[in-house]
Amino acid sequence: MKIALIVEGSYPYVAGGVASWIQMLVTSMREHDFEIIAISSSRKEARESKYKMPVNVTGVHDVFIMDYLELTEGRGPRLSPEEARLCLDWFAFREGSEGALPIIADPSRLGNPIAFLKSEAFWELLVDSYRQEMPTRSFNAYFWTWRSMYLPAIFLLQQPYPEADLYHAVSTGYAGMIASYLRQKHGRPFILTEHGVYAREREEEILQSAWVEPGFKRRWIDYFYHMSKGAYRTADRTIALYGGTQHIQLELGVPEERSLIIPNGIDYGTLSRLPRRTSEQDAGMIFGALVRLVPIKDVKTLLYAARLASRRIPGMELWIMGPTEEDPDYYQECLALSRQLELEDIVTFTGKVPIAERLPMVDVLILSSISEGQPLAVLEGMAAGIPWICTDVGSCRELLEGKDEHDPGTAGYIVPPVDPAAMAERMLQMYESPGQRSYMGSVGRRRVEAYYQTEHFIGTYRKLYREAVDGWPE
């Protein structure tokens, strides 16, 4: 079986998180061939693979969003009235218009992207929308918003893509849009896995962004929801990692009969055998964070918490373990904040390290993210018997506190996002309660053993792939 994995802004050029999940999936299924369709913002971001390619990866098919800037004008559209109406419905965010994607992807019908955006039909839609939405604002700014929104989408759709027996998108957004198009073009199954709710994450980013003018933020947010909902309607199966994500997906239109939950899994056998550090209360504490240095991980809140906690925990250390090259500017901001808070003797930015070498020396792990799905790092730390302090995002509460009454015990503390005082207070509690730390670590280890092993999630995907190609059960 040949499976096309469609990935946006991740594998194989970004380490950790979703990329680690993909590497695990591919290497565990040697019986299948995988073609990676890697969507990157620019060629600069895709210079170096962070992973050794498994032998069953037949190729990496790169597409670059910003290459649309190199487009020159060409032939105009040749659309029937019905095709034109359907395309304009998609550009107007009308529900159920994802059937336009194969038409938009076909240059012989839609024509050149720039020429299409200059066509009479599109211009009428643009002007009508402007008059309805924001007639008192600059029309020039409105036009350029539309252009920067739609040109990348048309450009991506009109790229060549490999055929496969099955298309598996690892998010909605551009990846889900392309998978939806290929599903309709080739009639092959489309499976969608969301590690977090893509549209919700883009909404959060846009609301906080400086690159989008305030008056246009709502349109950009609606655009990403529009793409996501189209993927939900087209996918043969949509997979969430836990119940919270599934609930949101269902609210956004995923048909209930096509909705599944498949939790993440990790290498429990190796991690559970790692030795644990034993330390007396007066020997200080080593806190750790397994984290990419990017804004969504909110490392700055962690640094503020470390400053507060270090005043009450003698000999405390904080190791921030993870790659720093994904967002160099944010990494430099974190370094500057660490110096400003006078944490140089407490905080160490290790870069990417072999976690099996570091985890045995860590007393407590901390996750300070403002958004997550079901973080692999938390599962890895739990398997190693280390208690956690996590922000109340994604499935963290479920991981630490259990899914239901059949999954008892607490593997750590939950704190609100962006609350360094609450985090510091829990760090102090961990320091003062070595017995509680040991208990929480054992609870976490048992929970991973029962529910979150690699074999569990790989076996489920193996069965799902076979059903998709052979025919879904009644």
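No hydrogens, no waters, no symmetry mates; every other heavy atom, side chains included, goes into these values. Numbers here are sequence positions counted from 1.
Counted by atom type alone, Tyr13 and Glu48 present zero donor-acceptor pairs between their side chains at under 3.5 Å. In this model, no donor atom of one side chain and acceptor atom of the other lie less than 3.5 Å apart for Asn140 and Ser138. Between the side chains of Tyr181 and Glu98, not a single donor N or O lies within less than 3.5 Å of an accepting N or O. Between Tyr331 and Glu325, the side chains place no donor N or O within less than 3.5 Å of an acceptor N or O (distance only, hydrogens not considered). Glu35 and Thr58 form a side-chain donor-acceptor contact under 3.5 Å, judged by distance and modelled atom types alone. Side-chain contact check for Ser369 and Glu372: at least one donor-acceptor pair (N or O, by modelled atom type) lies under 3.5 Å. When only modelled atom types and interatomic distance are considered, Thr193 and Tyr461 share a side-chain donor-acceptor pair under 3.5 Å.
Of the residues listed (Trp220, Phe91, Phe155), the one engaging Tyr150 in a ring-ring contact (aromatic ring centres under 6.0 Å, His included) is Phe91, and it is the only one. Between Asp222 and the options Arg219, His226, Arg218, a side chain to side chain donor-acceptor pair (under 3.5 Å) holds for only Arg218.
The line from SG of Cys334 to CG of Leu303 is 6.0 Å long, rounded to the nearest 0.5 Å. Within the model, atoms CG of Leu250 and OH of Tyr232 stand 9.5 Å from one another, a figure rounded to the nearest 0.5 Å. A distance of 4.5 Å separates CD1 in Ile414 from CG in Leu400, rounded to the nearest 0.5 Å.
Evaluation of the salt bridge (Lys or Arg N to Asp or Glu O under 4.0 Å) rule for Glu45 yields no partner, not counting sequence neighbours.
Separation of the Phe216 and Tyr223 ring centroids does not fall under the 6.0 Å cut-off. Between Phe116 and Trp146, a ring centre-to-centre spacing not shorter than 6.0 Å is recorded. For Tyr451 and His456, the ring centers are positioned 6.0 Å apart or more. Between Tyr465 and His168, the ring center distance clears the sub-6.0 Å criterion.
Proximity of Glu194 to Thr172: side-chain heavy atoms (C-beta onward) are separated by under 4.5 Å at one or more points. Looking at heavy atoms from C-beta onward, Pro375 lies in side-chain contact with Ser395 at the 4.5 angstrom threshold.
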Handout entry: Chi angles and distances behind the side-chain contact (heavy atoms from CB on, under 4.5 Å) call for Thr454, Tyr268
Key = CA-CA 7 Å; Thr454 302; Tyr268 172 79; over 6 Å; no

Practice task
Take Glu401 and Arg447, measure what salt bridge (charged side-chain N to carboxylate O under 4.0 Å, His left out) needs, and give me the verdict at the end.
Solution key: CA-CA 10 Å; Glu401 298 181 356; Arg447 185 164 292 142; over 6 Å; no

Practice task
Apply salt bridge (charged side-chain N to carboxylate O under 4.0 Å, His left out) to Asp67 and Arg43, showing your working.
Solution key: CA-CA 8 Å; Asp67 276 7; Arg43 294 176 182 270; 2.7 Å; yes

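For the pair Arg258 and Trp472, the NZ or CZ position fails the cation-pi test of under 6.0 Å to the six-membered ring centre and within 45 degrees of the ring normal.
Panel note: side chain Ser97, backbone Arg94; a donor-acceptor pair is recorded below 3.5 Å. Side chain of Asn264 to backbone of Gln374: a donor-acceptor contact under 3.5 angstrom is found. In this structure, the side chain of Arg466 does not engage the main chain of Gly471 through any donor-acceptor pair within 3.5 Å. Judged purely by atom type and a 3.5 angstrom limit, Ser148 uses its side chain to pair as donor or acceptor with the backbone of Thr145.
Using cut-offs of 30° and 60° for the angle between ring planes, the Phe139 and Tyr130 rings count as perpendicular.
The pair Glu203-Lys217 does not count as a salt bridge, with every side-chain nitrogen at least 4.0 angstrom from each carboxylate oxygen.
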